[in-house]
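Chain identifiers are assigned alphabetically (A, B, ...) following the order of the sequence lines, protein sequences preceding nucleic acid strands; residue numbering begins at 1 within each chain.
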Amino acid sequence: MPQPDHSPRSEGEVVRGGSTDPNQPWQAYHTVFTNAKAGMDGVDKEKVQRVVYEMSKGSKYFENEKRREALVMQKIQHMKSQSALLTDSDVKNHEKAADIKIKNLETQRDLSRIWMHVDLDAFYAAVETLENPTLAGKPMAVGGMSMICTANYEARKFGVRAAMPGFIACRLCPDLIFVSPNFEKYTSYSEKVRQVFHDYDPNFLARSLDEAYLDITDQCLSRNMSSEEVAEELRRRVYDLTGLTCSAGVAPNRMIAKVCSDVNKPNGQFIVPNDRAAVMAFVSSLPIRKIGGIGKVTERILKEVLSVSVCEDLIDKRGLISALFSSISTDFFLSVGLGIGGSTTPVEEPRKSLSCERTFSEISHEDGLFAKLEELADNLARELESEELQGRTITLKLKTATFEVRTRSLTLPFLVCRKEDLLIHASKLLKAELPLSLRLMGLRVSHFQGDSSFLNQRTLAEYFSVGNSAGSGSSEISLASGSSVVPSFTAEVSELSQKNGKNTDGTNSKIRDGTLVDCFFQGTDSGSALDCPPLLKEMRWIDDLQCSLCKLEIPSFLETERQEHVDFHFAELLQRRYADGFDLEAGSQGVETQTRRHLSQPYKGTLSKRGHIDRAIDSKGKRKCLSIDAFFSKD
DNA sequence: GGGGGAAGGACCA
DNA sequence: TTCCTGGTCCTTCCCCC
Ligand SMILES: Nc1ncnc2c1ncn2[C@H]1C[C@H](O)[C@@H](COP(=O)(O)OP(=O)(O)OP(=O)(O)O)O1
């Protein structure tokens, strides 16, 4: 019997051996919403279960969940059979390997820092109540009929909680008051709270608007206070400044501190002292699901395949874990079992992606779909602009009317951020998927400049301004391994002597008399170095756009093997090439002027502000607004 | 065998 | 009638050295 998930934010779903009463099918529908969570004590779980099931069954959402559930079951079955194939000696060997990992992890155990995790109680709901005190004491949820972001503690008594659809919450609690979210408010309250955090740890890690990790070691030492006193004081100060209550957890590392902040929620705190025995005692009987990173599926896999339910089981079953999971996962599970987590302050990471997605009532008409895509591209381009970001990878996300999610992505050889560029490429991705009937569309840009894959790559401008090359006649530049010289395709620079072009050790290349020597294209079948001039041409070509459309000089391998790259390059090039207008010979077709359709004289056209040809003519003779790229690729 | 890209999915607030 | 949004990380597969 499938066990559909009921939420993207599910917790504590447990399948109980499939022995459910066929007359009470809701028992098999184990949802997030009955899981233990702050404020949920004393809830009639059976009733919540029944209502959620009754309101869901037969819906498209429900059917999709059944499909997903079947996949999880399949995965569990597969792991079970893998596990059955293991011999005793296999397991023994894996135990040995795990013991080495454990020894390693133990050397990383750090009991010298005191970490505090702070989590505001029912944050959005609490802010709304502060702004509108008449809500106090009444069941209230922030969100709408289709989805709830969070609920206050009065509403939680009815089983209403975050990630529950509003219409189901309504059935559970008919008097439920709905408040629309107002993120500016939450942001401004969050900023106030962070002022307090800052006083305790200027390098605190903000995880979201309502959560942060603070290293309070120095506070405790310099002020000669216990961590308990610091936590009390901090919570008091947050309350005095904002009127918001919060809960705190204190432990030697962030993983345990996070669990602790939930122990006495709301408006409470819990401390695990910096002592190995105390940590192990806390962790040993802790249900694995309490740990951040172990969600509904992982919990089920660990339980059903390995009979693991509390953290110490992870150590007992280390042999099987090492046999069945990847090295990364094994490390994670073992460190959970040992109660070891992050204890040093990590460097702040730049963001890795930026996205925008919207749910709407079903659309299957092509024009409607492309209109949605344009909205998304417009939105995303604005966000990219305000964050001053450009990226190489565009990902289109589609959710069909039956809740099936698809993503389609492509990585360009250059950076994009403008709406037009996003639209050109995303449209291609969308077109390839038609016909479609959608309920959601999303657009994401990632692979930003400065990403790890970009660390060694410079733009042309940067490339020539390394301070040593341009104009200096003869000089030398160093390229790190994997360097890419031209953004339009992957080219590598290496010593001539290096046969296969893989620039593994950061060799030096030279610029002599303005010419790059010892260069090399990756992707040539011969593996030998090409002449330098093509590369140089290629650079100039992009740099000052000296070429015209008919005079593209592309290395031969690009024309054949990397045709798609050339296409992208084209789009980019054309946009820039014709930014100031374009010339058409007499007799040209495809565009109309203010006065005539057929050009009897050479014509100078200009692009609209958005880079479009506003008066192009399509094959049916209809006037159409086209991007310059589309215009030239039409023919 | 590993690097990069694509697709999918788990998980988090 | 109505089951979100924006982000990270991991895994698997494929292709290409
Ligand atoms: N699935 C979700 N989608 C969108 N926003 C969410 C989702 N879950 C939680 N949030 C938002 C709303 C919450 O107020 C905020 C913090 O979440 P969280 O800490 O889990 O609960 P909470 O602060 O509302 O209550 P509490 O911490 O007291 O249980 O994040």
- Item | Side-chain donor-acceptor pair present, S247(A), D121(A), cut-off under 3.5 Å | yes

- Item | R194(A) and E191(A): CA distance, side-chain angles, deciding distance, salt bridge (charged side-chain N to carboxylate O under 4.0 Å, His left out) verdict | CA-CA 5 Å; R194(A) 287 176 186 182; E191(A) 277 165 11; over 6 Å; no

- Message: Could you go through E433(A) and R408(A), starting from their C-alpha distance and side-chain angles, then the distance that decides it, and tell me whether this counts as salt bridge (charged side-chain N to carboxylate O under 4.0 Å, His left out)?
- Response: CA-CA 9 Å; E433(A) 299 299 310; R408(A) 295 291 177 264; 2.9 Å; yes

- Item | Euclidean distance, atom CD of residue E299(A) to atom P of dC12(B) [Å, nearest integer] | 11 Å

- For the pair T402(A) and N64(A), evaluate side chain to side chain donor-acceptor pair (under 3.5 Å) and give the outcome as yes or no after the intermediate values. CA-CA 7 Å; T402(A) 52; N64(A) 186 254; 5.8 Å; no

- Note on the structure: In B/S/- notation (B base, S sugar-phosphate only, - none; protein heavy atoms under 4.0 Å), nucleotides 8-16 of chain C written 5' to 3' is BS-S-----

- Message: I want to know whether F183(A) and Y186(A) have ring centres closer than 6.0 Å.
- Response: yes

- To the nearest Å, give me how far apart CG (L398(A)) and P (dG9(B)) are. 14 Å

- Message: Looking only at the side chain of S355(A) (C-beta and beyond, no hydrogens), which of the listed nucleotides dA13(B), dC11(B), dG7(C) gets closest?
- Response: dG7(C)

- Please determine if a side-chain N or O atom of K60(A) lies less than 4.0 Å away from the OP1 or OP2 oxygen of dT1(C). no

- Task: With DNA chain B as reference, determine whether E211(A) or L429(A) sits nearer its 5' end, using the nearest nucleotide of each.
- Result: L429(A)

- Task: Give one of base, sugar-phosphate or nothing for K75(A), where a contact means two heavy atoms less than 4.0 Å apart.
- Result: nothing

- Message: Using whole Å, what does the distance between atom C1' of nucleotide dG6(C) and atom CG of L209(A) come to?
- Response: 12 Å

- Check the distance between dA7(B)'s C1' and L410(A)'s CG and give it to me in whole angstrom. 13 Å

- Item | Residue from R207(A), R254(A), E211(A) passing side chain to side chain donor-acceptor pair (under 3.5 Å) with H117(A) | E211(A)

- Query: If only side-chain N and O atoms of T411(A) are considered, is one of them under 4.0 Å from the OP1 or OP2 phosphate oxygen of dA6(B)?
  - Reply: yes

- Message: If the threshold is 4.0 Å, N to carboxylate O, is there a salt bridge linking K185(A) and E128(A)?
- Response: yes

- Query: Starting at CZ of F360(A) and ending at C1' of dT5(C), how long is that distance when rounded to a whole Å?
  - Reply: 14 Å

- Using a cut-off of strictly less than 4.0 Å, decide whether R358(A) has a side-chain nitrogen or oxygen near OP1 or OP2 of dG6(C). yes

- Item | Under 3.5 Å side-chain donor-acceptor pair for T359(A) and K399(A) | no

- Task: Please determine, for the side chain of R392(A), which listed nucleotide (dA10(B), dC4(C), dG5(B)) has the closest atom?
- Result: dG5(B)

- Under 4.0 Å between any heavy atoms, over every strand shown, what does G292(A) touch: base, sugar-phosphate, or nothing? Just pick one. sugar-phosphate

- So does T407(A) get a side-chain nitrogen or oxygen closer than 4.0 Å to the phosphate oxygens (OP1/OP2) of dA6(B)? no

- Query: At under 4.0 Å between heavy atoms, what does K399(A) touch on the DNA or RNA strands: base, sugar-phosphate, or nothing?
  - Reply: sugar-phosphate

- Task: Give a yes/no on whether any side-chain N or O of S409(A) is located under 4.0 angstrom from OP1 or OP2 of dA7(B).
- Result: yes

- Message: Could you spell out the base pairing of DNA chain C as a dot-bracket line? Use Watson-Crick and G-U wobble contacts where both distances are under 3.5 Å, [ ] for crossing pairs, | for partners on a different strand.
- Response: ....|||||||||||||

- Within the structure shown, what part of the strands sits under 4.0 Å from S59(A) by heavy-atom distance: base, sugar-phosphate, or nothing? nothing

- Note on the structure: Between CG of L384(A) and P of dG7(C) the distance, given in whole Å, is 10 Å

- Task: Give a yes or no on this: more than 12 heavy atoms of other residues, nucleotides or ligands lie within 6.0 Å of atom CD of E404(A).
- Result: yes

- Counting any heavy atom closer than 4.0 Å, what does I148(A) reach on the DNA or RNA strands: base, sugar-phosphate only, or nothing? nothing

- Item | Interatomic distance where CE belongs to M255(A) and P belongs to dC11(B) [whole Å] | 16 Å

- Just how far, in rounded Å, is C1' of dC4(C) from CZ of F178(A)? 14 Å

- Query: Under 4.0 angstrom, heavy atoms only, what part of the nucleic acid is I291(A) near: base, sugar-phosphate, or nothing?
  - Reply: sugar-phosphate

- Item | Minimum heavy-atom distance S56(A)-S59(A), with the two atoms named | O-OG, 2.7 Å

- Query: So which one's nearest nucleotide on DNA chain C is more toward 5', E357(A) or M55(A)?
  - Reply: M55(A)

- Using the six-membered ring of Y53(A), assess whether NZ or CZ of R50(A) lies under 6.0 Å from its centre and within 45 degrees of the ring axis. no

